Structures are given as C-alpha cells and as structure tokens.
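Reviewing the structure listed below.
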Number of protein chains: 2
Amino acid sequence: MSLVETDDVDGGESLSLHQRILSDIREKILSGAWAPGHRIPFEHELTAQYNCSRMTVNKALSQLAKGGLIERRRRSGSFVRQPQSQAAVLELHDIRIEVEALGLPYRCERLERVKRRSSAEDRALLGLSAPGPVLALESLHFAGERPFALEQRLINLSAVPEAGDEEFLEIAPGPWLIGRVPWSEAEHRIRAMAADDTIADALDIEASAPCLVVERRTWSAEHPVTHVRFVYPAESHTLVARFTPSQG
Amino acid sequence: MSLVETDDVDGGESLSLHQRILSDIREKILSGAWAPGHRIPFEHELTAQYNCSRMTVNKALSQLAKGGLIERRRRSGSFVRQPQSQAAVLELHDIRIEVEALGLPYRCERLERVKRRSSAEDRALLGLSAPGPVLALESLHFAGERPFALEQRLINLSAVPEAGDEEFLEIAPGPWLIGRVPWSEAEHRIRAMAADDTIADALDIEASAPCLVVERRTWSAEHPVTHVRFVYPAESHTLVARFTPSQG
DNA sequence: GGTTTCAATATGTATATACATAATCGCCAT
DNA sequence: ATGGCGATTATGTATATACATATTGAAACC
C-alpha cells in the first residue's frame, strides 16, 4: 500500500468563504478574545471586512447561532453567549442541580486545595506536555446528610490563572469554571470501580463497594482546562444521556 | 408568477419554508418510508413540489446532510444514509469492534432467546403502554477466551417484526438492528453495580465484584424499538465519549 | 476491446436584491 | 415627565441568477 499524497489542506486555502468566516469567529470566541456578551460585528461590517455579500455572512452567523455559540437579536446585533453548561450535551451537570432535583438540601465541602507545579501524573491527566502550575482540589458533595459524590479536580492555571486566587469555599469549582471558561471540547471516561479505603471513608460506604467513576477532561480552543473525577456510590447514581441523531 | 399548486399549507404552522421541507423529509426517513439508500428527489423536483427556489431547497438538504441523515453526491443526487451507528454520538458501538480494537479475537454466544407477550416489566423497560409481542435475548460477548460483556436485550416485535424470524446465532442483535432500523432517539443509563450470582457466573468474575452497566433504549419515529443492558466487568471497560459544544 | 474525451447533470457556493419582522431610538404631543 | 408613534436598523427569509466542481454516461478514438 502506498502512502497517500500529502494533498495537504493547509489552514485557509481550500475552505469556502462562509466556513472561513465561521471558524474565524469561533476561534475568537473560544480563545476568549471575544468574551461572553461581546457584540460581534454587524453583518454589514463583516460584509465589508471579508468583501463578500451579506448572504454569505448571514449563513455563517446563522450557523453559529444554531450551534448555540452566539445569540442574535434583531436591531441589536449578535452577541457571544454565556458559556453553555455541558448539560446540553450530556446530562452531567452541576451536582447541585442533580441533588436539588431529588428534593434534598445540597451542600459542598472543600476538603483540599493545593497549588503546585504539575507532576507527571497531573500532566497525563490534563493532557499537558510542558510543566506548569496547576490547582488540585478535592471536594465532597452532600445530598442532605449523606455524601453524594467525591470530586477530585485539577485545573490548569496556565489556561485559567484566575482560578489560583479562588478559595472555592463558597462555590464548587464546576459551576465556577462553567461560568467563566467557554469550552470547545470535552471527553468523558466512565467506569466502575471498587471503593478503596480513602473513597469509602469519604463517601461513608463499605470498602470495595461498587462506585461509578466519571472523569472529564475539558479543552478550550486546544488548551487543556481541567480534569475532574467524580466518584459516586453505585446505589446513589445513574447517568442519563439522551440523544437524537442530529439536529435539524 | 402564476400557478398556485398549493401543496397545502395545512394547519397554518408558522414554520419557515425551508424548515418545513426539512422536517417533511426527516419524517419520511425516520418513519422508514424512505429506506436507507433511497434517492431523495432532486433539488429541482423539490423546487417544483414546494414551489420555491432552489436555494431554499438547497438550504434544507444541506442541513440534513450536515446532520448526517442524508448523503449528497454531485451529479447523482441525495440519498438516505445507512442508519448511522450510535458510535458517532456516544462511543458505545458494536462490541465486536471494541474487542477487535483490543487485538483480541471476538466471539458472541447466544445464551437465550424467548418470544413472549410483554410482561409489565418488559413494557416498563421498553417504554410501551400497550401489551404486545417482544423478543428477549441474552448473549455473551467474548474477547479471546474471557467473557467481555453480558447483553440482555428486549426487542419490540410490533416495531420490528422481522426480528421474530431471526435466530441471532450468527449475528449479534446489535449490529442486526443497526443495519435495519434507523433510530431517531436513544437514551442511555449508565451505572455501577455489584455482580449478582447470575452475572458473576456468566462473566466469570467474583460475586459482588463491581460492574459497569449500560442500558440503552432506542426509538424510531416515536416507537420504542429496543432496550438493551450491557454488563461489563469493571476492570475490562471504560466508556469514552468526546464532545464538542456543537458543530458549525 | 479498451481508453480517452467530452458534454450533461446535480450539487456547492456566491452574488445582488427584495421585502418582512422585531426591537430600539428619538421626536412629538399631551 | 411620559406615553405613543413613526423612522431606523439589524436580522430573517426568500428569490433569481451565475459560475464552479465533481461525477457519470456515452461518444470518439486508437
């Protein structure tokens, strides 16, 4: 078998114009250059900027709106939306909401908070290649009096330096991040495991009882943002994800 | 322009035209009226049928193509795609592929096959309201010599009557269904549990060892099609799902 | 017979244009 | 002030048109 010629699609050439506009704008948003709430140039401005017709610009912006990255308002313009919670994609959202949906009082206790230079393991979890500062957090989420989930999180401080100044006593790191960092990609790993002593102790369950473990890595515009591991006692939790093949 | 040829603006929906075209076609595909491989009318035919411009039709068809329901080929037309495996959405596909990706030989053994009128429990699992015939299957998937996953499946024979004539000795029910029934919606429930004696026995693990359980319900155009439960030994399996907020 | 060439065809992308619709601003009259 | 009202503005949808591009089927050629 011979290798395929490197028919090399380099960054910009072969893209159609409306796709180029689309990815330009998306990049601006995901990189944070255009923060949530920022007004995107009007169609007629982009028309001038890209030297194309309004229909072409409109197609790109409509697509971004359908994707949920921006919001369009007549007479006012188009705006970068607040970062959408992952809930829309996988029903794996704010634990507070899960707990309150059960009709139980929610509480979150921060167990640990350490700022450090990333260890090799940290970098593996986050998907970082170079060393840098990270924040390691451990929190316990309660439903009523019972522990509901243990959260172990790493935050890449190079990507989210503000996190280094936050104590996370009043707010859980999940909601904090969702409200600040737009995400471009997330990966979930879901598995079952037997509770080790640390986990059993924190969750107040028997050692070696089955647990559901959900790990999530999140990127924003190619940069790793956070790695989080949730450990749920098996009996307390079922993940539900509902899909349609695609949207129309 | 003359010629009214109103293809009936029924009900008086406030849908835009291209959205109406879009949902008309989607309905035809999901209901099975247009089977996989079926050629969708050419743009110029739809243009005549809906009495609108090609751009409008093109917008609708492009959107369906982007969503993956249809495939467009220049000079040939647009075709209903083979039902896409759920893999595209949640990496939870054919177990054969998972096993072979590990470099291990795959084998599937059918343990049980029972045709019966749905019990109350069957109906609860499938989401059926009225009684009707169902097919209950139990299969064991092997990776090499080791059991890899236990599959317990219910198929709604009212929705897929052909399944009643299939023995499922040569082919696993998953791939069989994916190749035949287009799905419009799927729901996953994922949890951890301790193996009971039956499961421990089938999977050849210790009783009360942690297992990952994945249950999936699938609908096609509002009709429940199948409910399946996969039980994996914890150490053999991690689910991975990768998302982007939306596509553009 | 087998290969090359070419024209026909359906889709892909872009343009200019038109009118509808919703939201907002500012003016005016009370 | 303030409440109403029209003008303005940006987006929403649709049209007709043009040309590019990929693919196919058949004619032309060696």
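Every chain is numbered from 1 and lettered A, B, ... according to where its sequence line falls, protein lines coming before strand lines. Any value given below was found using the heavy atoms of this structure, including those in side chains, with hydrogens, waters and symmetry copies removed. If you're wondering where the values come from, they're calculated on a predicted model, not measured in any experiment.
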(request) Would you mind telling me which of C/dA14, C/dT11, D/dA16 lies closest to the side-chain atoms of B/R72? (result) C/dT11
(message) Looking at B/N156 and B/P224, would you say the former's side chain and the latter's main chain have a donor-acceptor pair under 3.5 Å?
(response) yes
(request) Rounded to the nearest angstrom, tell me the gap between atom CD in A/E71 and atom C1' in C/dA23. (result) 13 Å
(request) Could you check whether B/S53 gets within reach of a base, just the sugar-phosphate, or nothing at all, counting any heavy atom under 4.0 Å? (result) base
(request) For the pair A/R81 (side chain) and A/G68 (backbone), establish whether a donor and an acceptor sit closer than 3.5 Å, ignoring hydrogens and angles. (result) yes
(request) Flag the pair A/R217 and A/E187 as a salt bridge only when some basic side-chain nitrogen lies within less than 4.0 angstrom of an acidic carboxylate oxygen. (result) yes
(message) Looking at A/T56, I'd like to know whether one of its side-chain N or O atoms comes within less than 4.0 Å of OP1 or OP2 on C/dT15.
(response) yes
(request) Indicate whether OP1 or OP2 belonging to D/dA14 is found under 4.0 Å from a side-chain N or O atom of B/H18. (result) yes
(request) Among the candidates C/dT15, D/dT23, D/dA14, find the nucleotide nearest to the side-chain atoms of B/S16. (result) D/dA14
(request) Measure the distance from CE on B/M55 to C1' on D/dG12 and round it to the nearest whole Å. (result) 14 Å
(message) Using the side-chain heavy atoms of B/R54, tell me which of these nucleotides is nearest: D/dT11, C/dG12, C/dT15.
(response) C/dG12
(request) Would you kindly give the CG-to-C1' distance between B/L22 and D/dT13, to the nearest whole Å? (result) 15 Å
(request) Let me know the distance between CZ of B/R39 and P of C/dT11, rounded to the nearest Å. (result) 8 Å
(request) Using heavy atoms to find the nearest nucleotide of DNA chain C for A/N51 and A/R73 separately, return the residue whose nucleotide is more 5′. (result) A/N51
(request) Whole angstrom is fine here: how far is it from CZ in A/F79 over to P in C/dA23? (result) 13 Å
(message) Nearest to the side chain of A/R74, heavy atoms from C-beta on, is which of D/dA10, D/dT17, D/dA14?
(response) D/dA10
(message) What is the separation between atom CG on A/L64 and atom P on D/dT11, rounded to the nearest whole Å?
(response) 13 Å
(request) Could you state the atom-to-atom distance from CG of A/L15 to P of C/dA14 in whole Å? (result) 10 Å
(request) Assign the ring pair A/F230 / A/H141 to parallel, tilted or perpendicular, where the plane angle (0 to 90°) is split at 30° and 60°. (result) tilted
(request) Can you figure out which of C/dA14, C/dG12, D/dT23 approaches the side chain of A/L17 most closely? (result) C/dA14
(request) Examine A/R73 relative to A/F79 and say whether NZ or CZ is less than 6.0 Å from the centre of the six-membered ring and inside a 45° cone about the ring axis. (result) yes
(request) Report the residue (B/H44 or B/N58) whose heavy-atom-nearest nucleotide on DNA chain C is the more 5′ of the two. (result) B/H44
(request) Answer yes or no: is there a side-chain heavy-atom contact under 4.5 Å between A/D24 and A/E27? (result) no
(message) So, does A/S78 get its side chain near the phosphate of D/dT11, meaning an N or O under 4.0 Å from OP1 or OP2?
(response) yes
(request) Just compare D/dT17, D/dA22, D/dT11 and give me whichever is closest to any side-chain atom of B/R75. (result) D/dA22
(request) Assign each of B/C52 and A/G77 to its nearest nucleotide of DNA chain D by heavy atoms, then name whichever residue's nucleotide is nearer the 5' end. (result) A/G77
(request) For B/Q63 and C/dG12, give me the distance from atom CD to atom P, rounded to whole Å. (result) 14 Å
